[in-house]
Amino acid sequence: MSSSPGKRRWLIYALGGGAGHLTRATGLARAAIRSNAVLPSGIEICILTNSPFADVMPISSELGVGHEVIRIASDQSRDETARRVHEQLTQREFDVLVVDTFPRGLGGELKDVLPGLCCRKVLIHRDLNPDYCLAFDLASSLKEFDLVLVPGESAPFSSASQAVVTEPWLIREPKELLSPNEARRKLAVDSQTKPVVVVMGCGTLAEIQQMQLLADELSAQFESAAIRFIAPKNTATAQVGPPSKARTVSIWPFLEVIRAVSVIVGSGGYNTVNEATATGTHLIGIARKRLYDRQEKRLRLTGKPAGFSEVADRLATLLNSGITFDTGTPKYTNGVHQAIDLIASISQDDFRCDIS
Amino acid sequence: MANDWVAGMCNEKSGFLFSHECYHAPSETCTGCQKPICQEHSHADGSSYLCTSCVKKQKSRGNRTGRSQHSRHDDYNDPYFYSGYYFGYGNHSGFHQRDHDPFDFTEADGQGLASDTGDAFESDMSAS
């Protein structure tokens, strides 16, 4: 990435499976790029990802010209991934390194490289498995960071001296959400009155296939609702084989169409839960097993997690309860703005690198 | 029994949540019960295929005898058998109870699995 004078340069480390890390990183980057008041000389952003969905998510168009997305293939070995990460961190120039979730890196590859980097370092710190924190002494790794941002959920080190808790980070502002009618069009729903139920295909490929089967069966069972299966392009029907009975729509970011949606059937991932909570959308959340964060815990804070066998009953209850449709533009505070203010405040021109 | 099967369509009725007809075209014949089965309901068993019902029966028998007869079908990635860590939690109404596979993962299994994940930290680059 060629650098322009005066511009701040942020490198966002967003490695991790699924689409969650990349979505959160994109939300931060997008808002920073538009934040002329906080970053008057402009900003250049580079996002580093190994998400298997990076190729089908239109990140570059979200960021616009002058920014960059470095994609590391998701099937690379740990060593090869670490080599690529080291290469990017040591050969690029940047003022701020923002690390999403993993203070030591997804494969522990940041541990040795962070102390030698002459830049401000920011950690996005959310829920983490306590066993992982203990086994890898993450408390020590946290000391490498100038700022620890906790994006709206409890996290093991949220009381650290350099930690600041913000509201949850979302990829769209309330005013950017499509109106219910526009969103229905995008979701290919002709009816203006049918409740729209969205089954989210996210996580691993196996989980996406599973959610597609769920969407198919809900579609057959609930004819009074428009069931839509949301999945990244090329990951759904092509994997399962037979064509899906539920209409499959590839929309990212999903938040954009949420005002048309009455019920989300999804997992307990950070973005799904926070998008539903912020907009007051009903979520039937299935807690998936994850290595690092705890979806069950996240879902318990917002309601009772669902088992697969409960989904139909819960959906029937919601649909029979005279579920309300969109009542206006949601009001929520997007935590990315506070995060950008905080990052900007620690990355002023007077920063001097004290690495000897 | 084989004569009872309807030709030209998948005869498997196992669903993800509900039992229901499957109208997909058959691509295999189940070596367990000889019913025509579609690609979605076919589960590789060595060089042949079993239907979802036969795999579930074998898993059930294996569990009762304390031996897994077809461990190859305990595939974490198969949507019909991998049901996530949270599968089975909570109260189940009648028909759900009937269709619920008692040998799928339960919450307790999930906790057991969780304790085995220590070695995976920082080695699984597809994790999140």
Side-chain angles (χ1 to χ4, degrees), chain A residues 15-18 20-21 50-52 74-78 81 101-102 104-109 129 131-132 135-136 203-207 209-214 216-218 220-221 240-242 267-269 286-293 295-296 304-313, chain B residues 10 14-25 27 38-42 75-102 104-107 109-111 113-128:
Chain A
L15 267 67
H21 300 276
N50 74 336
S51 166
S74 59
D75 58 358
Q76 292 288 337
S77 67
R78 179 172 67 170
T81 304
T101 306
F102 304 108
R104 290 163 47 94
L106 179 60
E109 76 281 11
N129 185 330
D131 294 340
Y132 169 55
F136 289 84
T204 65
L205 281 176
E207 288 168 355
Q209 291 170 17
Q210 194 179 45
M211 293 307 266
Q212 184 171 18
L213 291 174
L214 179 63
D216 282 354
E217 296 195 1
L218 293 178
Q221 194 79 2
V240 176
S267 65
I286 298 159
R288 298 292 196 171
K289 186 173 183 297
R290 291 286 180 265
L291 190 56
Y292 294 103
D293 67 332
Q295 294 200 350
E296 182 195 348
K304 185 172 169 284
F308 272 104
S309 56
E310 296 170 282
V311 169
D313 280 352
Chain B
C10 174
S14 288
F16 186 63
L17 288 180
F18 320 106
S19 293
H20 55 80
E21 299 284 355
C22 174
Y23 297 104
H24 292 137
S27 62
C38 68
Q39 183 186 333
E40 187 180 331
H41 283 119
S42 302
D75 184 354
Y76 189 79
N77 290 321
D78 190 321
Y80 279 100
F81 303 106
Y82 159 54
S83 296
Y85 145 61
Y86 219 75
F87 193 102
Y89 181 85
N91 298 319
H92 305 289
S93 62
F95 75 101
H96 290 149
Q97 187 78 52
R98 193 170 63 242
D99 289 338
H100 171 76
D101 181 353
D104 273 324
F105 285 145
T106 65
E107 185 178 33
D109 293 327
Q111 286 165 352
L113 288 170
S115 65
D116 295 333
T117 56
D119 292 342
F121 293 134
E122 298 195 350
S123 61
D124 181 357
M125 300 306 280
S126 66
S128 62

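In what follows, every chain begins at residue 1, and chains take the letters A, B, ... in the order their sequences are listed.
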Determine yes or no for a side-chain-to-main-chain donor-acceptor pair under 3.5 angstrom, with A:R78 supplying the side chain and B:M125 the backbone. no
CG of A:L291 to OG of B:S123, rounded to nearest 0.5 Å, is 7.5 Å
Fit a plane to each ring of A:Y292 and B:F121, take the angle between them on a 0 to 90° scale, and name the class: parallel (under 30°), tilted (30 to 60°) or perpendicular (over 60°). tilted
Please name all residues satisfying side chain to side chain contact (heavy atoms under 4.5 Å, CB included) with B:S128, sequence neighbours left out, ordered by chain then number. A:H21, A:R290
List the residues meeting side chain to side chain contact (heavy atoms under 4.5 Å, CB included) with A:Q76, not counting sequence neighbours, and say none if there are none. A:I72, A:A73, A:E80, A:T81
Segment of A:N50 engaging chain B (4.5 angstrom heavy-atom cut-off): side chain
